[in-house]
Amino acid sequence: MDLDTIREVVIARERADFALLGASTAVLAGGTFLFSEPQDQLVRLVDITTMGWPPFEVVDDGLEIAATCTLAEFAGAAQGRELGASVLRDLWPGTALFARSCRALLASHKIWRTATVGGNVCLALPAGAVLGALVALDGLALVWAADGVDRGIPLRDFVLGPGRTALRSGEVLRSIYLPRSSLLAHTSFRKIALAPLGRSGAVVLGRRDPDGRSAVTITAATTRPVVLDFAAPPSDPELRDALGAIDPMLWFDDPHGSPEWRRHVAGLLAREVAGELRERAS
């Protein structure tokens, strides 16, 4: 879709270019959502794909994923194509969630080559499966503020509701950091939709860290990702109690599933995920 209100596109070369961001200026990365509907409030775009951020940077204690990393690059990292032979799924089993979360999106491979990880996170859609995977892996968002100060936001606290995030005016999501413990974790993944190729109605992801600590993350079925933490892979009664404690107002309601259906199927999938985590721990 043409955005006929746009009068200027700024090619970002340095952090100072982000000072232009505000109510009438938006970030342009992949643009797959930005150009999908009218944006009448905007007169300027700041293109951040020219900042030259590498999709991945391996650090001593984990992995940093740039906001401009495409979904194709993100999915390919699980096979080591983007990170090099030293980082493979066999060495970092947590990366198995990368490609699986991309496949949970209702998007073509053309979109994969354009849409970005940062865009998926900042859209804050309940069906944002890449967002769910990064939350499940205990991701930390690095945010560049307009005043030049950085701040870190745990991804589980980043999304406030559908389309709402903790970003303040003028702030930019720079990258997502994943700790080594999560990358070394055993994971499990389940998805359900009302139609074989339909938008996800519920996505449930499990993670068991090397020290046994575990988490079950629910997304698509809820208005924001919900993380249930456990000291060890949960038993069915422990999981049932944790699911029962979820605020009823968090279950999402749209044409792709009622809150009651989403709560029910998320519970079924969560039990499967927890059972898989227990099996791998034995």
Side-chain angles (χ1 to χ4, degrees), residues 12 15-34 39 41-42 45-46 48-49 51 53 57 59 62-69 71 74 97 101 105 115-179 182 200 203 205 207 215-229 245-254:
R15 184 165 176 169
D17 293 325
F18 298 148
L20 297 169
L21 294 175
S24 62
T25 302
V27 168
L28 170 63
T32 54
F33 173 79
L34 190 65
Q39 310 287 344
Q41 78 282 9
L42 299 179
L45 300 177
V46 177
I48 66 172
T49 62
M51 289 294 290
W53 298 333
E57 289 192 73
V59 294
L63 176 68
E64 188 172 18
I65 305 170
T68 50
C69 173
L71 299 191
F74 184 69
L97 290 183
S101 66
L105 293 168
T116 62
V117 168
N120 190 262
V121 170
C122 291
L123 275 176
L125 298 178
V130 169
L131 165 65
L134 294 171
V135 171
L137 293 171
D138 205 20
L140 178 73
L142 173 62
V143 173
W144 280 4
D147 59 5
V149 177
D150 300 343
R151 66 184 181 119
I153 307 174
L155 268 189
R156 64 172 65 190
D157 301 323
F158 187 85
V159 174
L160 306 178
R164 297 189 299 118
T165 72
L167 286 176
R168 300 166 185 158
S169 178
E171 288 186 329
V172 175
L173 175 64
R174 164 62 180 88
S175 60
I176 305 295
Y177 165 77
L178 300 180
S182 295
S200 299
V203 175
L205 311 97
R207 188 190 85 241
V216 175
T217 299
I218 300 170
T219 187
T222 47
T223 57
R224 58 175 175 80
V226 173
V227 183
L228 308 176
D229 294 301
I246 295 175
D247 184 346
M249 298 302 294
L250 287 178
W251 297 105
F252 192 49
D253 184 13
D254 76 350

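Positions are given from 1 along the sequence. No experiment lies behind these values; they were computed from the predicted model shown. Side chains are part of it too, since the values below use all heavy atoms of this structure and drop only hydrogens, waters and symmetry mates.
The minimum heavy-atom distance linking Gly30 with Thr116 is given by the pair N-CG2, 3.6 Å. Considering all non-hydrogen atoms of both residues, Ile246 and Trp251 come closest at CD1-CZ2, 3.9 Å. Residues Leu137 and Ser182 approach most closely at O-OG, 2.9 Å, considering heavy atoms. When all heavy atoms of Ala215 and Val227 are compared, the pair lying nearest together is CB-CG1, 4.1 Å. Summarising the geometry of Gly139 relative to Ile176, their closest heavy-atom pair is CA-CG2, 4.2 Å, with the distance given to 0.1 Å. When every heavy atom of Leu167 is checked against every heavy atom of Leu173, the shortest pair comes out as CD2-N, 4.4 Å.
Under the rule for a ring-ring contact (aromatic ring centres under 6.0 Å, His included), the partners of Trp53 that lie at least two apart in sequence or sit in another chain are Trp144. Listed by chain and residue number, nothing satisfies the side chain to side chain donor-acceptor pair (under 3.5 Å) test with Ser101 (two or more places apart in sequence, or in another chain). Scored by the salt bridge (charged side-chain N to carboxylate O under 4.0 Å, His left out) test, Asp247 finds no partners at all (sequence neighbours excluded). Judged as a side chain to side chain contact (heavy atoms under 4.5 Å, CB included), and not counting sequence neighbours, the contacts of Pro225 are Leu131, Val135, Val159, Thr219. With sequence neighbours excluded, the residues forming a side chain to side chain contact (heavy atoms under 4.5 Å, CB included) with Leu140 are Pro154, Tyr177, listed by chain and number. When the side chain to side chain contact (heavy atoms under 4.5 Å, CB included) test is applied to Cys69, the partners found at least two apart in sequence or on another chain are Pro55, Phe56, Ile65, Glu73, Phe74, Val117. Scanning for side chain to side chain donor-acceptor pair (under 3.5 Å) contacts around Thr49 gives Asp47, with sequence neighbours left out. Qualifying salt bridge (charged side-chain N to carboxylate O under 4.0 Å, His left out) partners for Asp254, counting only residues two or more places apart in sequence or in other chains: Arg262. Judged as a side chain to side chain contact (heavy atoms under 4.5 Å, CB included), and not counting sequence neighbours, the contacts of Ser175 are Glu64, Leu142. A search for side chain to side chain donor-acceptor pair (under 3.5 Å) contacts involving Asp229 returns Arg156, not counting sequence neighbours. Arg151 is linked by a salt bridge (charged side-chain N to carboxylate O under 4.0 Å, His left out) to Glu171, counting only residues two or more places apart in sequence or in another chain.
In this structure, Thr217 and Arg207 have side chains that are not in contact, with every pair of non-hydrogen atoms separated by 4.5 Å or more. Between Val172 and Val46 the shortest side-chain heavy-atom distance does not fall below 4.5 Å. Side chains of Ile218 and Leu250 form no contact here, defined as non-hydrogen atoms less than 4.5 Å apart.
Expressed to the nearest 0.5 Å, how far CZ of Arg168 lies from CG of Leu21 amounts to 15.0 Å. Atom CZ of residue Phe18 and atom CE of residue Met51 lie 4.0 Å apart, to the nearest 0.5 angstrom. If you take CG on Asp138 and CG on Leu178, they are separated by 8.5 Å, rounding to the nearest 0.5 Å. The line from CG of Asn120 to CG of Leu134 is 8.0 Å long, rounded to the nearest 0.5 Å. Between the CZ atom of Arg224 and the CG atom of Leu155 there is a distance of 13.0 Å, given to the nearest 0.5 Å.
Screening residues 16-26 for side-chain hydrogen bond (donor to acceptor under 3.5 Å, both in side chains) gives Thr25-Arg44 as the qualifying pairs, with residues at least two apart or on separate chains.
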